[in-house]
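To start, the structure under review is shown below, and the notes come after it.
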Amino acid sequence: MKLLRFALPILWLGPALCQTDKPNLVIVFADDLGYGDPQVYNPNSKIPTPHIDALAEHGMRFTDAHTASSVCTPSRYGLLTGRYPWRSRLPTGIVNSWGGPVISKDRLTLGKALQALGYKTACIGKWHLGWDWPRIGGGYLSDELEGVNVGRDYEPYGLRVDFSRPVLEGPITRGFDYYFGDDVPNFPPYAFIENDRVIGEPTDRMPAQKGQRSGPMLPGWDLWAAQPTITARALQWLEERAADSDTPFFLYVPLLGPHTPIVPNAVNRGSSEAGPYGDWVHQMDSILGKVVEVLERTGAIQNTIVLFTSDNGSPARSGIGAFGATSTVTELYSHVPNAPWRGLKADAWEAGHRVPFVMRWDGQIQAGSVSDRTVCLTDVFATISEVIGFEMPEDSGEDSFSLAPLLFGEGSYLREQIVHHSQRGVFAIRKGDWKLILGDGSGGFSNPRGAVLRPDEPGRMQLYLLSEDPNERRNLATSRPSIRAELLEELLRLQEAGRSR
């Protein structure tokens with residue numbers, strides 16, 4: 001059978017499907033939601049999550065799913081590219097205010113691949129993968145900055161941005177026909193962006209306060225209105241696409257919460273027993289419910305893959321004052337967002353990167369099924385590739401393995417190991433029940449004073465057998481030197497090879 005070739009570089013596609021045969025794809029991507037927040041994962045959760053729970057009842061729930069990194073930007077990179085983010089232009093940390101694009105221009109993304117197959121695509125919500133910000137007087141901030149992270153002196157850069165000009169190298173150049181959002185809710189500019197334009201003139205200033213970075217702000221900017229506005233736009237786009245049964249679509253909805261600012265709306269306040277944080281999680285759950293409602297009401301659910309997950313673990317902030325110190329939701333409300341795992345967001349310990357992960361596809365994925373296989377969010381790329389019917393080029397999805405054998409019960413899932421990565425750049429590798437951390441497992445939230453330890457010192461490594469020690473308390477690095485050496489050698493091989501697939 002003749003293969004079809006599209007305009008994307010070296011992208012060869014398998015036998016073409018009829019438009020109506022191609023499943024739609026909707027990804028609802030929470031920000032800082034912990035493994036123990038949804039009740040379907042943690043019966044002791046103090047937060048009602050009826051819509052996450054219902055999605056699991058209609059699909060498959062993964063109990064050993066991991067993000068590509070334990071913080072925001074790199075995790076998103078891994079989801080959209082199928083590649084470990086430490087192989088990218090951002091080896092550690094996140095894109096800070098005014099930072100440039102992390103995904104390179106020639107990198108194939110999930111959105112680009114689906115566009116080539118005739119999909120309509122949209123990203124509506126938090127981007128946080130960098131832009132080229134135009135300077136007053138010409139040029140772009142990236143012309144004078146190296147890399148994608150501009151350091152700590154953020155506000156002076158924002159004062160030099162020309163908001164009347166297009167903002168380049170954002171979502172609409174990385175696989176999405178349409179974008180609407182506010183990029184990062186606690187970073188400037190505090191304004192909505194549509195496609196490549198900032199809406200309005202951010203002539204006011206947000207002062208630095210409890211997690212909000214100072215910088216340009218649209219007059220009258222309302223932190224509480226940001227998520228509802230974005231939700232309404234996402235639902236509107238979905239309604240329009242669902243009405244067109246001849247054109248498949250991909251909707252990526254990266255939520256603003258439960259990341260700070262923790263700003264639950266009035267209808268959600270008091271809806272949980274975990275304070276503002278719990279109410280904010282409940283609001284995120286309700287957004288998933290609204291998305292599914294549109295799909296069910298229009299009938300599009302019959303041919304739509306719905307995926308819900310989180311970009312990393314929770315820092316467990318209480319949300320008091322829209323912020324709160326780490327772990328305070330546990331101290332004040334006895335709710336453990338990352339239960340039962342050790343650590344917090346940003347850590348190499350399990351709580352940093354083990355997350356809820358649920359997929360629903362009616363008639364294809366068995367309802368109420370559960371998988372305990374160790375999987376990674378980078379695997380979404382290869383999974384959708386196999387389902388849709390195109391072959392990933394060799395220079396794409398380097399760390400992506402199809403979940404189709406787990407979802408449909410045919411064939412073998414080929415992933416042998418996962419490489420974990422903390423905010424500070426501490427590597428860890430998981431193979432079977434063994435996990436080796438090359439240094440301090442804290443990414444900065446669990447222990448702000450913790451240092452990144454030298455990985456070439458065996459005595460400084462941490463080795464855990466998760467089947468017997470899921471809380472990562474008994475370090476076996478000294479007593480099991482052969483396992484330690486084997487995992488270290490495997491990690492070094494994967495780093496040098498540039499790929500694991």
Exercise for the section: Using only heavy-atom distances, determine whether the side chains of Trp341 and Glu472 contain a donor-acceptor pair under 3.5 Å. Expected result: no

Fill in the blank from the handout: Taken to the nearest 0.5 Å, the spacing of Leu256 CG from Asp32 CG works out to 11.5 Å

Exercise for the section: Could you tell me which non-hydrogen atom of Arg107 sits nearest to which non-hydrogen atom of Lys112, and how far apart they are? Expected result: O-NZ, 3.3 Å

Exercise for the section: Report yes or no: is the cationic atom of Arg165 (NZ for Lys, CZ for Arg) under 6.0 Å from the centre of the six-membered ring of Tyr140, at an angle within 45° of the ring normal? Expected result: yes

Practice task
State whether Phe249 and Arg241 meet the cation-pi test: NZ (Lys) or CZ (Arg) under 6.0 Å from the six-membered ring centroid, and within 45° of the perpendicular axis.
Solution key: no

Exercise for the section: Could you tell me whether a side-chain N or O of Arg317 sits under 3.5 Å from a main-chain N or O of Gly324, the two making a donor and an acceptor? Expected result: yes

Exercise for the section: Quick one: sort the Tyr252 and Phe29 rings into parallel, tilted or perpendicular, breaks at 30° and 60°. Expected result: tilted

Practice task
Report yes or no: do Thr49 and Gln39 form a side-chain donor-acceptor pair below 3.5 Å?
Solution key: no

Problem - No-hydrogen, no-angle side-chain donor-acceptor test under 3.5 Å, Arg430 and Thr374 - result: yes

Fill in the blank from the handout: When rounded to the nearest 0.5 Å, the distance separating NE2 of His66 from CG of Asn312 is 13.5 Å

Problem - Aromatic ring proximity, centroids under 6.0 angstrom, Phe427 and His420 - result: no

Handout entry: Tyr35 side chain to Ser314 side chain, donor-acceptor N/O pair below 3.5 angstrom
Key = no

Exercise for the section: If the plane angle is over 60° it's perpendicular, under 30° parallel, otherwise tilted; pick one for Trp127 and Phe176. Expected result: perpendicular

Practice task
Tell me yes or no: between the side chains of Asp379 and Thr383, is some donor less than 3.5 Å from an acceptor?
Solution key: no

Problem - Under 3.5 Å side-chain donor-acceptor pair for His128 and Asp311 - result: no

Exercise for the section: Verify whether one side chain among Ser327 and Glu331 offers a donor that lies under 3.5 Å from an acceptor in the other. Expected result: no

Practice task
Consider only side-chain N and O atoms of Ser442 and Asp440, and report whether a donor and an acceptor are under 3.5 Å apart.
Solution key: no

Practice task
Answer yes if the side chains of His421 and Ser69 hold a donor-acceptor pair under 3.5 Å, and no otherwise.
Solution key: no

Exercise for the section: Examine the side chains of Arg233 and Tyr178 and answer whether a donor and an acceptor come within less than 3.5 Å of each other. Expected result: yes

Handout entry: Modelled atom types, side-chain donor and acceptor of Ser142 and Asp132, under 3.5 Å
Key = yes

Problem - Arg61 to Tyr41, cation-pi by 6.0 Å centre distance and 45° axis angle - result: yes

Practice task
Compute whether any side-chain donor of one residue and acceptor of the other, for Arg213 and Asn96, lie under 3.5 angstrom apart.
Solution key: yes

Handout entry: Side chains of His282 and Ser271, donor plus acceptor under 3.5 Å
Key = yes

